[in-house]
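Values reported hereafter were calculated over all heavy atoms of this structure, with side chains retained and with hydrogens, waters and symmetry mates removed.
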Protein chains: 2
Amino acid sequence: MLQPTEMDWTDPECPVARAADLVGDKWTLLIVRDSLDGKRRFSEFEKSLGVAKNILSDRLRLLVERGVLTRIPNERGTRSEYEPTTAGLDLFTLVLSLRQWGERNAFGTNERHSTLVTPATGQPVPRLRPLGPDGSELKPQETLLVKVGHPAT
Amino acid sequence: MLQPTEMDWTDPECPVARAADLVGDKWTLLIVRDSLDGKRRFSEFEKSLGVAKNILSDRLRLLVERGVLTRIPNERGTRSEYEPTTAGLDLFTLVLSLRQWGERNAFGTNERHSTLVTPATGQPVPRLRPLGPDGSELKPQETLLVKVGHPAT
DNA sequence: TCATTTGGTTGCATATTGAAACCAACCAGT
DNA sequence: ACTGGTTGGTTTCAATATGCAACCAAATGA
């Protein structure tokens, strides 16, 4: 698990809510986006995001504290690098789903946007698809939320 | 596209950033979670989330304004229902990826959490997997971000 | 050596949040 | 019809978070 300091969760039994507590913030999500795109240094994030330095500093600290990034100090003690942990790399799916939803729903038909491709062929990354246990496309209506105290069936 | 009122985007060319501007907020994400779980009424959201009424009111208004929910007024003009639009339903993948990341990274091994299952068999929803064009598992390192002005190769 | 960049911190004004009070409709029971 | 409770909000106000600019020390570059 992440975050050594005890969190007070918005909704402790719901994984969506815990994830939202940990990374459900605009700047946090954009820092993770850049981190997965290979950015490492404070100034790289600052330049890419245009975020105020105190906010960037705060979010990086929180992300390290929560186990999403590791701070790797330079041998001279300063100018450290921020690198994604395993949990950070695991956010790839989340960032990809944000990206693809944005592509489909936040751009006009005549607007261009940056695109994620596989370098080998230059093809765009295929659409993420939720699948059921039988491998068929899964719709929200076809799912059921089982709460913690609830019996199996 | 969504939102009739002109937004001023944090990073207009990046779909991740536009998506974060539209739904990258804790309460917004949790309202969408509940909406996809079938909740419709103001009081249902309020009870489920424990959010202050003014905030809930504000976020519902923004979600309607941005085309994620529709407000369906009751015939008596009050007690309307909030229903996901197509763009709202399309957030299923995003909420699922939040959920699955939370399950894997925000719970201790001995902690229980609510689970999303397919009602027919009771099996948990399988893990979302980013795939490359050839159908193989896609890692963040195997992708490249092509910015707008950039040539194809 | 001197200027510049880097990686921050601090202070302050402003914006957002959260809690509570308030309110007008509606609704259920008698 | 009257009464009490629920619903779906709005308003007010204090506390918190944000964003901007100034500042700074260490490292780098010319």
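Under 4.0 Å is where a charged nitrogen must lie from a carboxylate oxygen, and between Asp21(B) and Arg18(B) no such pair does. Ion pairing of Asp25(A) with Arg59(A) is present here, as a side-chain N (NZ or NE/NH1/NH2) and a carboxylate O approach within less than 4.0 Å.
Judged purely by atom type and a 3.5 angstrom limit, Gln100(A) uses its side chain to pair as donor or acceptor with the backbone of Pro126(A). In this structure, Arg99(B) contributes its side chain and Pro15(A) its backbone to no donor-acceptor pair below 3.5 Å.
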Table please: side-chain donor-acceptor pairs of residues 41-50 of chain B below 3.5 Å, with sequence neighbours left out.
from: Glu44(B); atom 1: OE1; to: Arg40(B); atom 2: N; distance (Å): 3.0
from: Glu44(B); atom 1: OE1; to: Arg41(B); atom 2: N; distance (Å): 2.9
from: Ser48(B); atom 1: OG; to: Asp34(B); atom 2: OD2; distance (Å): 2.6

Expected list for residues 115-122 of chain B: side-chain donor-acceptor pairs under 3.5 angstrom, two or more places apart:
from: Thr115(B); atom 1: OG1; to: His113(B); atom 2: O; distance (Å): 3.4
from: Thr118(B); atom 1: OG1; to: Thr121(B); atom 2: OG1; distance (Å): 3.2
from: Thr121(B); atom 1: OG1; to: Gln123(B); atom 2: N; distance (Å): 3.2
from: Thr121(B); atom 1: OG1; to: Gln123(B); atom 2: OE1; distance (Å): 3.0

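Residues passing the salt bridge (charged side-chain N to carboxylate O under 4.0 Å, His left out) test with Arg127(B), sequence neighbours excluded: Asp90(A).
Proximity of Tyr82(A) to the phosphate of dG7(C): no side-chain N or O atom is located under 4.0 Å from OP1 or OP2. Using a 4.0 Å cut-off, no side-chain N or O of Arg71(A) falls inside it from OP1 or OP2 of dG7(C).
With rounding to whole Å, Leu49(A) atom CG is found 12 Å from dG19(D) atom P.
Each end of the helix from dT1(C)-dA30(D) to dT30(C)-dA1(D) yields a helix axis from five base pairs, and these two axes differ in direction by 30° (to the nearest 10 degrees).
The structure places OG of Ser97(A) at 7.0 Å from CG of Leu98(B), a figure rounded to the nearest 0.5 Å. The structure places NZ of Lys147(B) at 14.5 Å from CZ of Arg112(A), a figure rounded to the nearest 0.5 Å. Distance check: Leu96(A) CG to Leu138(B) CG gives 7.5 Å after rounding to the nearest 0.5 Å.
Near DNA chain C, defined here as any heavy-atom distance below 4.0 Å, the residues from residues 25-48 of chain A are Arg41(A), Phe42(A), Ser43(A), listed numerically. Taken residue by residue, residues 50-62 of chain B places heavy atoms nearer than 4.0 Å to DNA chain D at Lys53(B), Asn54(B), Ser57(B).
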